[in-house]
Amino acid sequence: MQAVSEKYIAEAFHDADGLNVKRATVHPRVTQEMPEIIEMIQTLIDNGYAYVDNGTVYYDTKAFHEYGKLSKKNLDELLAGASERVTADEAKKNPTDFVLWKPQKPGEPKWESPWGDGRPGWHIECSVMSKKYLGETIDIHAGGEDLIFPHHENEIAQSEACSGKIFARYWMHNGFITVDNEKMSKSAGNFFTVREISEKFPYEVMRFFILSGHYRMPLNFSDTLMQASQNGLDRIKNCAASLEYYIANSITAENAEDSENIEQINGFMTKFETAMDDDFNTADAITAVYELVKFINVKIKEGFSKKAAEAAHKMLMELCGILGILQNNEAAEEDGDKDKIEALIAKRTEAKKAKDFAAADAIRDELAAMGITIKDTRQGVQWFRG
RNA sequence: GGCGCUGUAGCCAAGUGGUAAGGCAAAGGUCUGCAACACCUCUAUGCAUCGGUUCAAAUCCGAUCAGCGCCUCCA
């Protein structure tokens, strides 16, 4: 049991790390929070929000007058609908009541409790761990839109009935991913994992793709869209690489245009922040990045001072850093073949000078075979892997 | 059946009352010996459809159509 969960936790972290998702400071586990879970259930019973029936503890949804406030559901309508659809559980006072503690079933793990051996219901653990590690009121609670009801609704009912305080100030519910405009499901055969996608496209492209839409909106997934994201991301990466090369080889001195250029560069941050402040509008924020890229590419062509170029680079890296992309670009570590590559490039430049283009192209092909792409720029020949 | 979300160019997508950002793709051009990168030009009298309100609507209201989520176990 333990080994199984360890395996999947490790696998999940593998993908999360790949996507550059930062780890939380605490990753609690339900099995290690049993005393607190039992304590909270007892509090709910004591406060009159829960009742015990033969080893099972139920939450009394009618006792919590704001039940349904998150999902904008009306309890009376819920009850009416539930009575038609759900075979009534005799022990429940109301069809919408949910389990806080359930008795052990044969073969299942169990824990001791005042109501008998058993295990927690599926909502209480979240209220317990949230309270323990984050406090009675949290600022932001996130989750998939499918969890709004009943899970998040029940968390509110449990936590607020215990503390008498607001449980979460903001709720962030993300939309679902569809595949070729169809819901992802095993039965439809269009089900695949982050790991499988990562075998076709880098994690970074996946991250950029997800950021290209608003998190609350449904997101359609397809190879075509991933390819488009890869192309767009390459544009940003090309810009960063060109700019780095420009800075390394720039001879343009500080000049009168610097202050205006730097003012413009700072304007992209303002635009970026405005978008992000609007409910994490990453799609709009990326626009600011593209506009900065355009600005940089034009300036590289026109020529601008090293000082301004460095300011632009810092800004580009900062914006990309917030988005969590272009983080591995620090891989400017020495390439093992550096000397060989630069010797070949020098030979090609010689050949070009001698108008021996056949020889020059042969060297370019040789470099390509090594995985090296070269770019002729005004400042010289730039090369990179990939 | 009920509640909620969504529908903007070939594709993705921002824009929630003041006259349609940005990206990808395609096309033409500039640069280049060629190429790659880049740059320039071009792409919606139009925002699912039909009505309504308003001086003004993608944005507000109503109806309709389509997709999705939830209303049940599980999280």
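All figures in this text were calculated on a predicted structure; none of them were measured in a lab. Every chain is numbered from 1, with letters handed out A, B, ... down the list of sequences.
- Looking only at atom types and distance, the side chain of A/E33 has a donor-acceptor partner in the side chain of A/Y133 under 3.5 Å away.
- Remark: A/K73 is positioned above the aromatic ring of A/F149, its terminal NZ or CZ atom under 6.0 angstrom from the ring centre and at most 45 degrees off the axis.
- Under the 3.5 Å distance criterion, with hydrogens and angles disregarded, no donor-acceptor pair is assigned to the side chains of A/T377 and A/Q382.
- Base engagement by A/D376 is indicated by at least one non-hydrogen atom pair under 4.0 Å involving a base atom.
- We find that the ring of A/Y290 and the base of B/G22 do not stack by the test of centres under 5.5 angstrom and planes tilted less than 30°.
- Across all strands shown, B/G33 forms no Watson-Crick or G-U wobble pair with both key distances under 3.5 Å.
- Looking at heavy-atom distances under 4.0 Å, A/D361 makes contact with a base.
- One cannot find a donor-acceptor pair under 3.5 Å joining the base of B/G15 and the side-chain atoms of A/D284.
- Base pairing annotation: B/G62 forms a Watson-Crick or G-U wobble pair with B/C50, both donor-acceptor distances under 3.5 Å.
- Using a 30° and 60° split on the angle between ring planes, A/F167 and A/W171 fall in the tilted class, from 30° to 60°.
- Ring centers of A/Y59 and A/H123: at least 6.0 Å apart, outside the cut-off.
- Taking every side-chain heavy atom of A/R348 into account, B/C34 is the closest of B/C34, B/A36, B/U6.
- The partner of B/U43 cannot be assigned: no Watson-Crick or G-U wobble pair with both contacts below 3.5 Å exists in any strand.
- When heavy atoms are screened at a 4.0 angstrom cut-off, A/K72 is found touching the sugar-phosphate backbone but no base atom.
- In this structure, the CZ atom of A/R235 is 16 Å from the C1' atom of B/C12, given to the nearest Å.
- The base of B/A36 is not paired with the side chain of A/K375 by any donor and acceptor separated by under 3.5 Å.
- No engagement by A/H173 is indicated, since no non-hydrogen atom pair under 4.0 Å with the nucleic acid exists.
- Within 4.0 Å (heavy atoms only), A/D278 reaches sugar-phosphate atoms of the nucleic acid but no base atom.
- On the C1' atoms, B/A26 is 24 Å away from B/U45, given to the nearest whole Å.
- With B/G33, B/C68, B/G2 as the choices, the nucleotide that has an atom nearest any side-chain atom of A/F357 turns out to be B/G33.
- A/R119 comes within 4.0 angstrom of no nucleic acid atom, judged by non-hydrogen atoms across all strands.
- Contact annotation for A/L147: base contact, defined as any heavy-atom pair under 4.0 Å involving a base atom.
- For A/T287 and B/A21, a side-chain-to-base donor-acceptor distance below 3.5 Å is present, hydrogens and geometry of angles not being considered.
- If you check every strand for non-hydrogen atoms under 4.0 Å, A/K299 touches nothing.
- Using a 4.0 Å heavy-atom cutoff across all strands shown, A/K294 reaches sugar-phosphate atoms only and no base atom.
- Straight-line distance from the CG atom of A/D365 to the C1' atom of B/A36: 12 Å, rounded to whole Å.
- For B/A35, the base has a donor-acceptor partner in the side chain of A/R364 [N/O atoms by modelled type, under 3.5 angstrom].
- Under the Watson-Crick and G-U wobble criteria, each requiring two contacts below 3.5 Å, nucleotide B/G22 is paired to B/C12.
- Dashed line: the shortest gap from a side-chain N or O of A/K237 to OP1 or OP2 of B/A38 is not under 4.0 Å.
- Tested against A/C239, the residues A/L316, A/L292, A/D234, A/V289 include a single side chain to side chain contact (heavy atoms under 4.5 Å, CB included) partner, A/L316.
- The nearest heavy atom of RNA chain B to A/K102 and to A/D234 marks one nucleotide each, and the one closer to the 5' end goes with A/D234.
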